[in-house]
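The figures that follow rest on heavy atoms only: side chains count, while hydrogens, waters and symmetry mates do not. Counting starts at 1 for both ligands and their atoms, following the listed order. Given the structure is predicted, the values throughout are model-derived calculations rather than measurements.
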Amino acid sequence: MMVAMATLLDALRPVRSLRVAITVPLLLTGALATGCRGTPALSLMPTTRPIVIAHRGASAHRPEHTLAAYTLAVQMGADFIEPDLVSTKDGVLVARHENEIGGTTDVADKFPSRRTRKVVDGDTIQGWFTEDFTLAELRTLRARERLPFRSHAFDGQYGIPTFDEVLALADSLGRARGQVVGVYPETKHPTYHRAIGLPLEPALLASLTARGLNRANAPVFIQSFELANLKVLRGQTSVRLIYLLDRGALTPERLREIATFANGIGVNTRMLVGADSSAVPTTVVRDAHAAGLLVHVWTLRPEPAFLPKRYRGDALAEVREMIALGVDGIFGDDPFLVAEGTGRIRR
Ligand code: G3P
Ligand code: CA
């Protein structure tokens, strides 16, 4: 138990100094649970609300989309871990936020000659792309923190996980704590991937099916910014689908239309409270619930570079505001902070 507590406290230090000792009975009880052999840990949707979704893992504390980031997230109280998915040259799904990996790995050092230029969803991008590398080649890379103001102490330590490895990790972490750990995959650039002959959806559904997770009550949400992608998926799976939205008006009529192919929406915080200092709540949560949709919100981040000024540096206030608005789930880079806001843990 002392090891687990020390690890957790150490992980939190880079983001904020701790004013008082942290007590995490829920986390440690669960993380250290024994005698759970045979527990159907990755079986049913968690019933907690709002759910804590670890955005790219505990990405405020570890390089994003690494098994270490996902593991720490669960230790911090996350209900779900979020892998963004792209494809390798040989059609394997791996967890990266972009198919361009120059900013989050050491690929420039190991494959300097493989730099190229591509147009992805209308944007011209120079760099190194997962679809140009086999899984065996990607296995030689190590992840790096992308943001300069976050800790780089873990750079070079962790590899790029496959989606199958993320699913296996969620299962084993859930069994260890005796409580389900859900997985919340996002299809990144699905139209682009299909156009280059590496469609994401068949591989995604095959991996879920192999683990018995291709069903409506599985602890899985599939998310996408691409409406057409979700509509196709709706015809292929009963797994819950979340339509991601960054901006724009969400009328009751539009929400009812979304409800014909998705189970919920995943919205930018500014669609719920606006981006300015007035912070007038919108009716999106109420209207979405009336349409039968879940509402998940992204992305809560603790650092001043991200936190809107009206919270005056109090990142917990933002979490509490989202909860007061009635959201069903919160994506956070710091799962501990989000779990704290739910009242499940205290410092
Ligand atoms: O998936 C929800 C949120 O993560 C969308 O933003 O760009 O971090 O994938 P992004
Ligand atoms: Ca995402």
*Heavy-atom count around K118 NZ within 6.0 Å, excluding the residue itself: above 12?*
yes
Protein heavy atom at shortest distance from [atom]:
atom: atom 2 (C) of ligand 1; result: Q223 OE1, 3.4 Å
atom: atom 4 (O) of ligand 1; result: H55 NE2, 2.7 Å
atom: atom 10 (P) of ligand 1; result: H97 NE2, 3.2 Å

_Check: D106 side chain, A143 main-chain N or O, donor-acceptor pair, under 3.5 Å_ =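 Such a contact is absent between D106 side chain and A143 backbone.
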*Locate the shortest heavy-atom distance separating M322 from V273; write the atom from each residue and the value.*
CE-CG2, 3.9 Å
Would you give the length of the straight line joining atom [atom1] of [X] to atom [atom2] of [Y], rounded to the nearest 0.5 angstrom?
X: H55; Y: T299; atom1: NE2; atom2: OG1; result: 3.5 Å
X: L316; Y: E321; atom1: CG; atom2: CD; result: 12.0 Å
X: Y158; Y: E64; atom1: OH; atom2: CD; result: 14.0 Å

*Considering only heavy atoms of D84, which atoms of ligand 1 have at least one such atom less than 4.0 Å away?*
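Heavy-atom distances to D84 below 4.0 Å select 9 (O).
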*Check ligand 1 against R56 and write out every atom of the ligand that is under 4.0 Å from a heavy-atom position of the residue.*
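Numbered from 1, ligand 1 contributes 7 (O), 8 (O), 10 (P).
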*Which is it for H296 and Y184 under the side chain to side chain contact (heavy atoms under 4.5 Å, CB included) test, yes or no, and what are the steps along the way?*
CA-CA 11 Å; H296 297 164; Y184 205 129; 2.6 Å; yes
*Measure from the Ca ion (ligand 2) to every N/O/S atom of E186 and report the name of the nearest one.*
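Within E186, restricted to N, O or S, the Ca ion (ligand 2) is closest to atom OE1.
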*asked:* Both conditions, 6.0 Å and 45 degrees, for the charged tip of R234 above the ring of F261: are they met here?
replied: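 The answer is no, since R234 fails at least one limit relative to F261.
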*asked:* Between ligand 1 and E82, can you find any atom pair, the residue atom being a heavy atom, that is separated by under 4.0 Å?
replied: yes
*Could you establish whether F225 and ligand 1 come within less than 4.0 Å of each other, counting only heavy atoms on the residue side?*
yes
*Just distances here: any N/O of K188 and N/O of ligand 1 closer than 3.5 Å?*
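Yes - when backbone and side-chain N and O of K188 are compared with those of ligand 1, one distance drops under 3.5 Å.
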*asked:* Regarding ligand 1, does E186 bring an N or O atom to under 3.5 Å of one of the ligand's N or O atoms?
replied: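 Yes; the residue has a nitrogen or oxygen that sits under 3.5 Å from a nitrogen or oxygen of the ligand.
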*Take the Ca ion (ligand 2) as the vertex and measure to OE2 of E82 and OD1 of D84; round to 10°.*
80°
